[in-house]
**Q** 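Quick one: structure below, then a few questions.
We name chains A, B, ... by the order of the sequence lines, and we start the count at 1 in each one.
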2 protein chains.
Amino acid sequence: MSLRRAELIAVGSELLEPWRTDTNGSYLSRVLGERGIAVRFRTVVGDVMQDIQTTFRVALERADLIIATGGLGPTIDDLTREAVAGLLGLPLHEDASVLRRIEERFRRHAQSMPPQNRRQAMVPRGAEVLPNGLGTAPGLLLTTGTVTVVLLPGVPDEMRQITQASVLPRLGAAAERFVYRVIKIAGLTESEVDRRLAEVAGRAAPAEWTILAAPGQVEIHLRERVAGGRPADAIDRIDREIAGELGLHVFARDEETMEDVVGSLLVVRGESLACAESLTGGEIAQRITRVPGASRYFRGGVVAYTEEAKRTILGVQAATLDAEGSVGPETAGEMARGARRLFGSTWALSATGYAGPAGGGSSQPPGTVFVGLSGPRREETRELKIPGTRETVRSRTARTALDLLRRAMSETAA
Amino acid sequence: MSLRRAELIAVGSELLEPWRTDTNGSYLSRVLGERGIAVRFRTVVGDVMQDIQTTFRVALERADLIIATGGLGPTIDDLTREAVAGLLGLPLHEDASVLRRIEERFRRHAQSMPPQNRRQAMVPRGAEVLPNGLGTAPGLLLTTGTVTVVLLPGVPDEMRQITQASVLPRLGAAAERFVYRVIKIAGLTESEVDRRLAEVAGRAAPAEWTILAAPGQVEIHLRERVAGGRPADAIDRIDREIAGELGLHVFARDEETMEDVVGSLLVVRGESLACAESLTGGEIAQRITRVPGASRYFRGGVVAYTEEAKRTILGVQAATLDAEGSVGPETAGEMARGARRLFGSTWALSATGYAGPAGGGSSQPPGTVFVGLSGPRREETRELKIPGTRETVRSRTARTALDLLRRAMSETAA
């Protein structure tokens, strides 16, 4: 198959407002790229019949694959189905099996279907129905002339599920494709990574190289165009060179997160984890338990937002709190030890500090943080000075605490 | 000035890649909206001459203000200037004063101008030059027929500086502007809100009405065009009508979140909060502590991810766990009571359930959740059946728990 020209259309007035962005397009760009299909245009249009039709009319002239997201909901604002059917002159009919599935979905949740959801069972003549495993609006696939038009719901989970299950398999095998790889790095700033990888970046071609930073994490994004079933030689070479240069700082690739890596290590070692948090307010536990199956290794955590809770629940000593206040290395250490004892876990992580906007006086500005680790034959605390907003301080603290555990496990036998 | 139809065009192949998004568009949407100019379309196009020209040709037909960002740099990839001049049949000439300013900028940084930067001094005939205070590429403003075309560099700082200094003043005083309001609703599904507000929505004009759903939350986005310093009468009227129809289901407006509202109520009442979580894994505590100053009312929480932790730390009775397992109304109730006792707080929230992908057998599929509230003279548990992914189940549970507390406080005197 030759490379195809795709246009992505995001429908929704809210996407034209300052406070929203279309995230579906990023996902679709990637999965299409992996199949060698280049996205040539992305258009965002509001919930206005005439504007939606104009957008599709233009796209039909310049693309041979159109994927639109949004506007398939049950409300009167949801116009995509009617707009496309109208533009192509296709009558809409109620599809009995779609209607049945929508009704079943409501029944399963002990509800009856509201009458307006009936609209979601309307299908343009000739369209293929792409079942929605997570919601009520199915996707629709139409062919008009040489153009394939796919309509998907705007809810990201539903959009992705339908894309994986029904859209990608219908696009056929690719003669050329883009291979992507993301290499994730912890414990270094963007400029440190940039400096240490300058030479590697210089010989990245034919792969394309982009560096991106998030709080407490730097990512190298690589893209390479390869023929048919060929491997991505340049990406594999660069990956090895980065790993050689940065060693344990490289913690994951692609979709894998820090909490996935920590979870896998714990499962392999048959070990367990608990945590004790103050400034992160539950974010460390929340990240750990994002991973399906976290109950195999996560015992629990305590959010101790007062000195009293640190003392009575976690067993931090009054003398320590008198000496350091709530924020200090010994407090962090005792919190980790207390959580490990309380939950009977192999390892425990702790974090205490000032997330901001308030700090702890001139010597402890917002962003002053201590993270702690307690485990078999190993105790560790680390002081961090994190610039940025409350949210940045909290998320970088959580990532750093998890990285402390990852490094400890990578360096010791179970 | 009458209201204009704007189209935003972002030029740059990198903006079609999965990992990039166009942030300039959000900024421009907002500053144009404040001047009463509605963005009708946003288009992203790569660095391909033909594609850029197609994009402008389409925009010239459907907009009367086009603002394009990107593609004005010095490299051979930067094609916007040539594409627009070619499309409109305008010859390019080298502008001596622009060239002088570019050369000066390099001199100031003790560099000589690379030859390729000479391209940035090329100006289409009749175009007005908009000086760039932060970089080399000036903006360009053209009028063709009734359409105003503005070309700006893609670097966000430069784009904003030129917009503030030169673009907005040329758009004239805003005789009209858009007023925005978001009304946030809890405890109802999107279809329920849609049904109950159908009549209100029907008389929303002249305000525009958009309904949006997130897990456990529905939002009505309103936008009204008003003259000069006039108030947004339609928005104020609709807001009252929605509040009248939905009562306590309306929990916040605009930027305010559920956790902000809960926090404000606790501060006003001088009360405190704790929580006990299982499936949410810390997300309830994490949300509460997102709010700066949460330490005034939040005492802490326990994430009890095992039966043992529920029993030993929260004091859930062995008999309850034997009867219900970890997931049931009595377990949720005892967890809330236990957290309230442990932290000595006025109120406590709890959540237990199956986030998925695994459930608790055929009678308890993933999404089976119990939330609990314990407070002065009030105990409550509620069963939820939440469809969707692990992430959706967790976030909707957290929002529902917080809403339980909000309603309890709204219904009782402190």
Side-chain angles (χ1 to χ4, degrees), chain A residues 13-14 16-18 21 26-27 29-30 33 39-47 51 54-55 58 62 73-75 77 105 109-110 114 116-117 134 157 180 210 212 221 223 281-286 288-290 292 294-295 298-306 309 313 342-343 357 390-391, chain B residues 16-19 21 26-27 29-30 33 39-46 48 51 54-55 58 62 180 190-192 194-195 201 208 210-212 221 281-286 288-290 292 294-295 298-306 309 313 342-343 356-357 385 387-392:
Chain A
S13 294
E14 74 281 5
L16 294 170
E17 301 291 352
T21 48
S26 300
Y27 167 80
S29 287
R30 180 180 178 121
V39 173
R40 293 277 288 272
F41 300 93
R42 283 175 63 172
T43 307
V44 179
V45 61
D47 300 307
D51 289 357
T54 300
T55 300
V58 167
R62 65 190 184 188
T75 79
D77 288 344
R105 171 160 286 275
H109 299 289
Q116 65 269 32
N117 280 79
L134 299 170
D157 286 343
Y180 298 93
T210 308
L212 283 179
H221 288 242
R223 187 177 85 162
E283 182 161 340
I284 298 176
Q286 192 265 346
I288 293 166
T289 56
R290 272 183 201 166
S295 58
F298 187 63
R299 296 277 173 88
V302 172
V303 180
Y305 228 57
T306 61
I313 305 173
L342 186 64
F343 290 95
R390 181 177 178 88
E391 194 185 337
Chain B
L16 295 170
E17 299 291 350
W19 51 78
T21 48
S26 299
Y27 167 80
S29 287
R30 183 163 57 80
V39 174
R40 293 276 288 271
F41 300 92
R42 284 175 64 173
T43 308
V44 180
V45 60
V48 178
D51 290 355
T54 300
T55 301
V58 167
R62 66 191 182 186
Y180 299 94
E190 184 178 9
S191 329
E192 285 167 342
D194 204 44
R195 187 173 47 73
E208 288 167 61
T210 307
I211 185 166
L212 279 182
H221 287 241
E283 182 161 341
I284 298 176
Q286 192 265 346
I288 294 165
T289 57
R290 271 184 198 164
S295 57
F298 187 61
R299 296 278 172 88
V302 172
V303 180
Y305 228 59
T306 62
I313 306 174
L342 186 65
F343 290 95
K385 300 277 185 193
T389 62
R390 181 176 177 88
E391 195 185 336
T392 299

**Q** Less than 4.5 Å to any heavy atom of chain B: does that hold for the side chain of A:R62, its backbone, both, or neither?
**A**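 Just the side chain, heavy atoms under 4.5 Å.
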**Q** So what's closer than 4.5 Å to chain A heavy atoms on B:F343: side chain, backbone, both or neither?
**A**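 Contact with chain A: side chain only.
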**Q** Pick one of side chain, backbone, both or neither for A:T306, based on which atoms fall under 4.5 Å of a heavy atom in chain B.
**A**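 Backbone plus side chain of A:T306, per the 4.5 Å heavy-atom cut-off to chain B.
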**Q** So for B:E190, is it side chain, backbone, both, or neither that comes closer than 4.5 Å to the heavy atoms of chain A?
**A**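 Just the side chain, heavy atoms under 4.5 Å.
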**Q** If I measure from the heavy atoms of chain B, does A:R390 come under 4.5 Å with its side chain, its backbone, both, or neither?
**A**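 Side chain of A:R390 only, per the 4.5 Å heavy-atom cut-off to chain B.
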**Q** Sort B:T55 into side chain, backbone, both or neither according to what part of it lies under 4.5 angstrom from a heavy atom of chain A.
**A**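 Looking at B:T55, backbone and side chain both touch chain A.
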**Q** Determine whether the side chains of B:T389 and A:D157 contain a donor N or O and an acceptor N or O closer than 3.5 Å.
**A** yes
**Q** With a 4.5 angstrom heavy-atom cut-off, which part of A:F298 approaches chain B: side chain, backbone, both or neither?
**A** both
**Q** Which atoms of B:I313 are under 4.5 Å from chain A, going by heavy atoms: the side chain, the backbone, both sets, or neither?
**A** side chain
**Q** Using heavy-atom distances under 4.5 Å, tell me whether B:E391 contacts chain A through its side chain, its backbone, both, or neither.
**A** neither
**Q** Tell me, for A:Q116 versus chain B, whether the close heavy atoms (under 4.5 Å) come from the side chain, the backbone, both or neither.
**A** side chain
**Q** So for A:D77, is it side chain, backbone, both, or neither that comes closer than 4.5 Å to the heavy atoms of chain B?
**A** side chain
**Q** Can you say whether A:P114 sits under 4.5 Å from chain B via the side chain, the backbone, both, or neither, judging by heavy atoms?
**A**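 Looking at A:P114, just its side chain touches chain B.
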**Q** Which answer fits B:A294, side chain, backbone, both or neither, if we ask what part of it has an atom under 4.5 Å from a heavy atom of chain A?
**A**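 Contact with chain A involves both backbone and side-chain atoms of B:A294.
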**Q** Please classify the contact of A:V58 with chain B as side chain, backbone, both or neither, using a heavy-atom distance under 4.5 Å.
**A**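 Contact with chain B involves the side chain of A:V58 alone.
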